[in-house]
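Everything numeric here is computed off the predicted structure, so don't read it as measured data. Naming: A, B, ... by sequence-line order, numbering from 1 per chain.
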There are 2 protein chains.
Amino acid sequence: MAIEAPKTRRGESSRAVILQAALDLFQERGYEATTMRAIAERAGVSLGGSYHYFPSKEHLVLEFYRHTHELHSAAIAPLLLREKDLAARLRGTMRAVIVTCEPFHAVAGSIFSTVANPSSPLNPFGAAAKPLRDEVVALYADVVRGSDARIPADVADMLPLTLWLYQMGILYFWIFDRSPGRLRTLEVIDETTDLIVRLIGLANLPVLRGSRKRVLGLMRSIVEGQIA
Amino acid sequence: MAIEAPKTRRGESSRAVILQAALDLFQERGYEATTMRAIAERAGVSLGGSYHYFPSKEHLVLEFYRHTHELHSAAIAPLLLREKDLAARLRGTMRAVIVTCEPFHAVAGSIFSTVANPSSPLNPFGAAAKPLRDEVVALYADVVRGSDARIPADVADMLPLTLWLYQMGILYFWIFDRSPGRLRTLEVIDETTDLIVRLIGLANLPVLRGSRKRVLGLMRSIVEGQIA
DNA sequence: ATTTGAACTTGAACATGTTCAACTCAGAGC
DNA sequence: GCTCTGAGTTGAACATGTTCAAGTTCAAAT
């Protein structure tokens, strides 16, 4: 089920040309309106050609996702070097997600549905998605680690994974967002990142300490059981 | 796009027989493995027949959801009459969701992914799903209203919708749960319902009041924009 | 009794994702 | 130079959701 790697120079070129055609067409027409026949035609290969490199149409979308992750990662690198305030780092990172994904807003619904599909081997909690998931979680670990915020160790442990989940929530919201310039999503990001940082600050309050231990324990047990 | 209501007795019977065939087959084979041809054959109508009553295969799934909702609703009615403690009401309600849906566990993944697809007309935030969504939210309003918990008015306003969302989260977890008797999901339910009730109790703490206002304001604005 | 028309039914036709057996071709081994 | 192997390629065939023009039924209107 893994994406097949080409073994010759000819194969490399075919794979690249098919992927490019697919990405272009997805952007031009959206996922559903792009047929495998159209991809084959634009790539100059025959209908069955794509299936030598990509097990399904959805796998082409996954490559799309990997691509945006790389764009996003590059986009926030300067910010992560410069900024030390956690709220600012997180806000900048989330805003960059939206900005990076904006050209693909029309396609995003299909990407998300692929990713959310529990019976798909591609779903984000499964083994096949682990490499990409680890990369994204590592990015959020970097967001947290590079800040000057003082965070209790148990909270810091769970935070990257929690932020990865938070990012998926924001993306799901963004998909539905029809406001001009996705202003609504940006507002929600500003508000929620601020709230998250504030909540982390409150985590040491004596009244909350009991709940905090329980929440973290619960999350740990969920992670161990489901994501591993 | 609405589901067509039959206008004659003959039509009523056709619609019922098609729906029953679909529900049976979904349970037996899952959503994807059930073809429209198989539904037509079992219902004793021709291929195109379903489309007179249901605009698409997905709309048949919506009826499936309605069906389980009615089972669930009936199952918890006695509890909601008897029990006054909010934590117990919520815990019982959530446990009943799992018990009610258990026969469909094998099928739930493919159905969930279909419904979670943002571009599907059936996705839970869309217009087509509004009647059913309203019913489920009303059920959670009942869970809250019938309890003896003292809940701030602004929190109580948002609580039913929040619990509806929470239920979807639990169901998503449950889909992945492979533990015997779904014990893990039941544990998570016990833990989270308790946490939710505790959090509501904490909502009046002065340190949390500011965040509470902001969280509720945010949720209100999201609901207005997306769900309406 | 006949006519009418809306509701209902039919199944061939269509679009599209996917499969696969047959074919092409470049390069490694001799 | 020849052969052989396996990667790469092809396109017809298949499965399945959906459409729709044509046909059928039946109860109310005439």
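- With values rounded to the nearest 0.5 angstrom, B/Cys101 atom SG is found 9.0 Å from B/Ile175 atom CD1.
- Using a 4.0 Å cut-off between a side-chain N of Lys or Arg and a carboxylate O of Asp or Glu, B/Arg15 and B/Glu12 do not qualify as a salt bridge.
- In this structure, B/Arg89 contributes its side chain and B/Asp142 its backbone to a donor-acceptor pair below 3.5 Å.
- Positionally, the nearest nucleotide of DNA chain C for B/Ser50 lies more toward the 5' end than for the other of B/Ser50 and A/Gly48.
- On the nucleic acid side, DNA chain C has its first and last nucleotide under 4.0 Å of a heavy atom of chain A at C/dT16 to C/dT19, going 5' to 3'.
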Extract from the structure each pairing of a protein N or O with an N or O of nucleotides 6-9 of chain D at less than 3.5 Å, listing the distance.
{"from": "D/dG8", "atom 1": "OP1", "to": "A/Lys7", "atom 2": "N", "distance (Å)": "2.8"}
{"from": "D/dG8", "atom 1": "OP1", "to": "A/Thr8", "atom 2": "N", "distance (Å)": "3.0"}
{"from": "D/dG8", "atom 1": "OP1", "to": "A/Thr8", "atom 2": "OG1", "distance (Å)": "3.2"}
{"from": "D/dG8", "atom 1": "OP2", "to": "A/His52", "atom 2": "NE2", "distance (Å)": "3.3"}
{"from": "D/dT9", "atom 1": "OP1", "to": "A/Ser14", "atom 2": "OG", "distance (Å)": "2.5"}
{"from": "D/dT9", "atom 1": "OP2", "to": "A/Ser14", "atom 2": "OG", "distance (Å)": "3.2"}
{"from": "D/dT9", "atom 1": "OP2", "to": "A/Tyr53", "atom 2": "OH", "distance (Å)": "3.0"}

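- Using a 4.0 Å heavy-atom criterion, one finds that A/Ser13 contacts no nucleic acid atom at all.
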For this session: Show your working on side-chain contact (heavy atoms from CB on, under 4.5 Å) between A/Thr193 and A/Thr93 and close with a plain yes or no.
Result: CA-CA 10 Å; A/Thr193 50; A/Thr93 302; over 6 Å; no
Exercise. Could you go step by step and tell me if B/Tyr53 and B/Leu19 meet the side-chain contact (heavy atoms from CB on, under 4.5 Å) rule?
Worked result: CA-CA 9 Å; B/Tyr53 302 103; B/Leu19 183 56; over 6 Å; no
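- A distance of 12.0 Å separates CG in B/Leu23 from CD1 in B/Ile18, rounded to the nearest 0.5 Å.
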For this session: List the steps and the verdict of side-chain contact (heavy atoms from CB on, under 4.5 Å) for A/Val17 and A/Gln20.
Result: CA-CA 5 Å; A/Val17 108; A/Gln20 195 58 53; 5.8 Å; no
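- The C1' atoms of five pairs define one axis at each end of the helix from C/dA1-D/dT30 to C/dC30-D/dG1, and these two axes lie 10° apart (to 10°).
- Here the two rings, on B/Phe64 and B/Phe104, have centers that are under 6.0 Å apart.
- No side-chain heavy atom of A/Trp174 sits less than 4.5 Å from a side-chain heavy atom of A/Val97.
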For this session: List the steps, then state whether side-chain contact (heavy atoms from CB on, under 4.5 Å) holds for B/Glu28 with B/Arg42.
Result: CA-CA 13 Å; B/Glu28 283 173 31; B/Arg42 176 162 310 191; 2.9 Å; yes
